[in-house]
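Please read the structure below before turning to the comments.
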Protein chains: 2
Amino acid sequence: MTRVMDALPARKTLPRLDESLLTHLPPFSRLERRQIRTILDQATSRRYEVGVAVFSEGHPAERFYMLLDGYVRVVRITPTGEQVTALHIPAGQLLGIAKAIGRTTYPATAITATDSIALSWPTRLWDTFVSEYEGFATETYNTLGHRVGEMNTRIVELATQQVEQRVANALLRLINQTGRKVEGGIEIDFPITRQDLSELTATTLHTVSRLLSGWEKQGLVESRRKRIKVCDPHALVVLSQS
Amino acid sequence: MTRVMDALPARKTLPRLDESLLTHLPPFSRLERRQIRTILDQATSRRYEVGVAVFSEGHPAERFYMLLDGYVRVVRITPTGEQVTALHIPAGQLLGIAKAIGRTTYPATAITATDSIALSWPTRLWDTFVSEYEGFATETYNTLGHRVGEMNTRIVELATQQVEQRVANALLRLINQTGRKVEGGIEIDFPITRQDLSELTATTLHTVSRLLSGWEKQGLVESRRKRIKVCDPHALVVLSQS
DNA sequence: CTGCGATTTTGCTCTGGCGCAAACTCCTGA
DNA sequence: TCAGGAGTTTGCGCCAGAGCAAAATCGCAG
């Protein structure tokens, strides 16, 4: 939508990627410099602006990705056009790893929540990565396990908690995963609208707005447009459990 | 609770398990007779009566299982004691495969929905299975992928659908996965209470009861105690989508 | 065959939170 | 600097479905 000018020439392979990009990331941390070099040489680097789909639900899983910078929302879109956010993925994690669970198409759509940078590889390299690179498979499945755990938690939350608790939980999770310490609290590190939060908690933007207004009056949070700062996490924890 | 007499001596290793038990099951179908023999010789076979926990959430994942006969419900229990059913697993599938996703404890509790029989192996054999037995890893991850897909679907349903649609969907899924064709319709192949259905759809047994009563009047379903027969699946599909 | 506990049905009330509508406010791009 | 649109707030009415209560059934154990 915005800044179409930039969107067009977005794809580009940088001249030479530095090894340090990957050496600290779990899936690659046990590899030798030489192996990382090979991996990087096979990678495509690309910048995605905010709001762009990295890949889309149902499409053939042609590539898998490592998010180097930014945040990505993984969403599913219902037949009636509603969006449901399944996960938030921070920089440093793999995404689009359909191949790892025996799928040939992406099970969900990945949309950037900020301008982002990701490496990607053709899916045909997946098996090589798994077999050649020590720790890659293990770390990948750990990530997967973590996500399964999160999905499970979401199900339980949706099934048993009130809206207020779900929103409180969502905020807590967001500041845990992607929070940045700032003057007077912890702020969510990327722009997030009431609408986004409502898609994350299965409610409406109106209800989210009401809740945030209420909490702001009580000094639990502060918010401006697309920005939310949590000032009293503990109070939210209490709310989320009652 | 019931029939404690039977519960006590339940564990037993049968003298010699027949290879045909496993040869048709996907995770093992590509193996040679000799390999299957080895696998069976390492297995413990056990019968579980209905309502018994095969393993419990949070406990160390000491064994993994292959359900040979029966049905198992995978549930999570909230701090307040409510149960939420995450999945139903039919005979022929692996369960308790925490190790596959890098976990050392079970993420949920597995409860038998009928009397059941399962083989199990100590988790330390997992890596051997994955590396030695062709197709085992692939099939396992396919299963996992399938379950992730189901979980995703549940999230979307919980987030966007009305209770009536969720219950209709749940019934349809149950008859698809575990339905048995009978006179005048398809019956769910194991005893299931209104309570069970409500835990599967995040509602109350009262609401489920009302819905079933209504549907029964319209001839869509027939039900007795712990038994539900779907007479007009197509009508349910329509309901589940509107 | 009987009694009892488990399961199911049904009525009534109450409310969380959605839907609708409208006003407001803050950025952004020109 | 200003206009317009995206994002946010707030009020109001309503209703799906939960909670509570009680009665009605069913089917198994003894």
Side-chain angles (χ1 to χ4, degrees), chain A residues 1-7 49-51 80-84 113 115 157-168 170 188 190-218 221-229 239 242, chain B residues 1-6 49-51 78 80-82 84 113 115 157-168 170 188 190-217 221-229 239 242:
Chain A
M1 323 279 168
T2 52
R3 294 201 287 159
V4 179
M5 291 302 287
D6 284 349
E49 5 186 328
V50 59
T80 62
E82 290 154 296
Q83 292 197 2
V84 179
D115 290 352
E157 280 185 15
L158 286 173
T160 63
Q161 298 189 327
Q162 308 268 90
V163 168
E164 181 175 45
Q165 298 167 16
R166 297 208 301 270
V167 175
I188 294 171
F190 56 85
I192 184 167
T193 65
R194 310 291 186 260
Q195 174 77 35
D196 292 335
L197 251 184
S198 74
E199 285 170 5
L200 202 54
T201 50
T203 178
T204 59
L205 76 160
H206 309 280
T207 301
V208 170
S209 176
R210 277 181 251 270
L211 286 171
L212 285 180
S213 298
W215 292 341
E216 184 138 20
K217 278 186 195 120
Q218 298 169 49
V221 305
E222 274 175 44
S223 70
R224 347 174 244 126
R225 230 172 208 233
K226 294 192 176 189
R227 287 283 158 194
I228 301 174
K229 180 171 80 181
L239 264 182
S242 52
Chain B
M1 324 279 170
T2 52
R3 292 202 288 159
V4 179
M5 291 301 288
D6 284 348
E49 7 185 327
V50 59
T78 67
T80 61
E82 291 154 295
V84 179
D115 289 351
E157 280 185 15
L158 286 174
T160 64
Q161 298 190 327
Q162 308 268 88
V163 167
E164 181 174 45
Q165 298 167 17
R166 297 207 302 269
V167 175
I188 295 171
F190 55 85
I192 184 166
T193 65
R194 308 290 186 261
Q195 174 78 36
D196 292 335
L197 251 184
S198 73
E199 285 170 4
L200 203 53
T201 50
T203 177
T204 60
L205 76 160
H206 308 278
T207 301
V208 170
S209 176
R210 278 182 250 269
L211 286 171
L212 286 180
S213 297
W215 293 341
E216 184 137 19
K217 279 187 193 117
V221 305
E222 273 173 45
S223 71
R224 342 174 249 126
R225 228 165 212 239
K226 294 193 177 187
R227 287 285 158 193
I228 301 174
K229 180 171 81 180
L239 263 183
S242 53

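Residue numbers begin at 1 in each chain, while the letters A, B, ... track the order of the sequences.
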Sequence neighbours excluded, the answer for side chain to side chain donor-acceptor pair (under 3.5 Å) partners of Ser242(A) is none
Considering only side-chain heavy atoms of Arg225(B), which listed nucleotide, dG7(D), dT9(D), dT25(D), is closest?
dT25(D)
How long is the straight-line distance from CG of Leu197(A) back to CG of Leu211(A), given to the nearest 0.5 Å?
10.0 Å
Length of the line joining Glu199(A):CD and dG7(D):P, which is rounded to integer Å
11 Å
Base, sugar-phosphate or nothing for Leu205(B)? Non-hydrogen atoms, less than 4.0 Å.
base
Check the interface with nucleotides 16-20 of chain C: list each N/O to N/O pair with the protein under 3.5 Å, or write none.
{"unit_1": "dG17(C)", "atom_1": "OP1", "unit_2": "Val163(A)", "atom_2": "N", "d": "2.8"}
{"unit_1": "dC18(C)", "atom_1": "OP1", "unit_2": "Thr203(A)", "atom_2": "OG1", "d": "3.2"}
{"unit_1": "dC18(C)", "atom_1": "OP2", "unit_2": "Thr203(A)", "atom_2": "OG1", "d": "2.5"}
{"unit_1": "dC18(C)", "atom_1": "OP2", "unit_2": "Thr204(A)", "atom_2": "N", "d": "3.4"}
{"unit_1": "dC18(C)", "atom_1": "OP2", "unit_2": "Thr204(A)", "atom_2": "OG1", "d": "3.2"}
{"unit_1": "dC18(C)", "atom_1": "OP2", "unit_2": "Thr207(A)", "atom_2": "OG1", "d": "2.6"}
{"unit_1": "dG19(C)", "atom_1": "O6", "unit_2": "Arg210(A)", "atom_2": "NH2", "d": "3.3"}

Chi angles and distances behind the side-chain contact (heavy atoms from CB on, under 4.5 Å) call for Ile228(A), Arg194(A):
CA-CA 10 Å; Ile228(A) 301 174; Arg194(A) 310 291 186 260; 4.1 Å; yes
Whole angstrom is fine here: how far is it from CD1 in Ile192(A) over to P in dG7(D)?
13 Å
For Ser209(B), answer base if it contacts any base atom (sugar-phosphate contacts may also be present), sugar-phosphate if it contacts only those atoms, and nothing otherwise; contact means non-hydrogen atoms under 4.0 Å.
base
Is any side-chain heavy atom of Leu205(A) less than 4.5 Å from a side-chain heavy atom of Thr193(A)?
no
Do the side chain of Gln83(A) and the main chain of Glu199(A) share a donor and acceptor less than 3.5 angstrom apart?
no
What's Arg194(B) touching, base or sugar-phosphate or nothing? Going by heavy atoms closer than 4.0 Å.
sugar-phosphate
Are the side chain of Arg227(A) and the backbone N or O of Ile192(A) linked by a donor-acceptor pair below 3.5 Å?
no
Phosphate oxygens OP1/OP2 of dT8(C): is one of them under 4.0 Å from a side-chain N or O of Ser213(B)?
no
